[in-house]
Amino acid sequence: MPKNTRTHLYCYDDHRGFSEDVRKRFSDVSRYTVVSFPTREELLHQLIEEKEHTFCKVAILNLYDTKEQFETIDQLIREIKSIDVRTGLILLGSPDRMEMIRKTLKFNIDAYIPKNTNSILRIHNAVKKLISEHSINIFRRKRNISVYVLLGFLLLSLLFVLFAYFQLPQYF
């Protein structure tokens, strides 16, 4: 079993309402780092600083009901994906507006979660899914490298056998 990968959760919450619940749910400091940001500039600055790291990153964006905030969140989503495409995005919105949110903000969102009593559990499940996808991508890259090394070794062995066959035919 591979070692546990570190997951960074970035909560964008103007009012800091749900970030404490997220901290309580992801309290294992050896596996999760939960950071809350009240402004989008701080969130983007943190993502720019940690762009080159290979750990799993998840941004949880809290969305309120105003149409202006839909536009700012859409712009924030585009900026986050332009900084690092591998960052997972979870959108937290009001349950009565989820269809409108899905229609308005349908680009590059990994999970849409309505705000209710089960929202923390749904966030936990969505984060687990994103961690699994991140791990699968890591293992896929390792598998591909191993296959290339194996094919290179087989090709080198075949060339060595052909060279030996033509240079030393008395042994074959």
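Computed from a prediction, not measured in an experiment: that's the story for all the values here.
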*Between Tyr10 and Phe37, what is the ring plane arrangement, given parallel below 30°, perpendicular above 60°, and tilted in between?*
tilted

*Applying side-chain contact (heavy atoms from CB on, under 4.5 Å) between His134 and each of Ile131, Ile136, Asn137, Ile138, report the one that passes.*
Ile138

*asked:* Testing the 3.5 Å rule here: is there a donor-acceptor pair between the side chains of Asn144 and Arg141?
replied: no

*Name all residues meeting the side-chain hydrogen bond (donor to acceptor under 3.5 Å, both in side chains) criterion together with Glu49; count only those two or more places apart in sequence or in a different chain, and write none if there are none.*
His45

*Where do Asp74 and Arg78 land on the salt bridge (Lys or Arg N to Asp or Glu O under 4.0 Å) test, with the steps shown first?*
CA-CA 6 Å; Asp74 188 37; Arg78 291 177 197 271; 3.4 Å; yes

*Are Leu89 and Leu43 co-members of a hydrophobic cluster defined by side-chain heavy atoms under 4.5 Å apart?*
yes

*Consider only side-chain heavy atoms of I, L, V, M, F, W and Y, link residues closer than 4.5 Å, and tell whether Ile80 and Leu63 are in one cluster.*
yes

*Grab the two heavy atoms, one from Ile90 and one from Ala126, that are nearest each other, plus how far apart they are.*
CD1-CB, 3.7 Å

*Applying side-chain contact (heavy atoms from CB on, under 4.5 Å), run through Arg40 and Gln75 and close with a yes or a no.*
CA-CA 10 Å; Arg40 62 182 283 181; Gln75 182 64 28; 3.8 Å; yes

*Could you check Thr33 against Arg6 for side-chain contact (heavy atoms from CB on, under 4.5 Å), going step by step and ending with a plain yes or no?*
CA-CA 8 Å; Thr33 301; Arg6 198 132 168 93; 2.7 Å; yes

*Could you walk me through whether Lys129 and Glu133 pass salt bridge (Lys or Arg N to Asp or Glu O under 4.0 Å), step by step?*
CA-CA 6 Å; Lys129 176 185 160 239; Glu133 289 174 358; 3.7 Å; yes

*Can Leu47 be reached from Leu9 by stepping across I, L, V, M, F, W or Y side chains whose heavy atoms are under 4.5 Å apart?*
no

_Within one Ile-Leu-Val-Met-Phe-Trp-Tyr cluster: Ile109 and Ile123, side-chain cutoff 4.5 Å_ = no

*Nearest heavy-atom pair of Asn116 and Ser119: which atoms, and what distance?*
O-OG, 3.0 Å

*Closest approach of Tyr12 to Thr39 (non-hydrogen atoms, all atoms of both residues)*: CE1-C, 3.5 Å

_Co-membership, hydrophobic cluster, residues Val22 and Leu130, 4.5 Å side-chain_ = yes

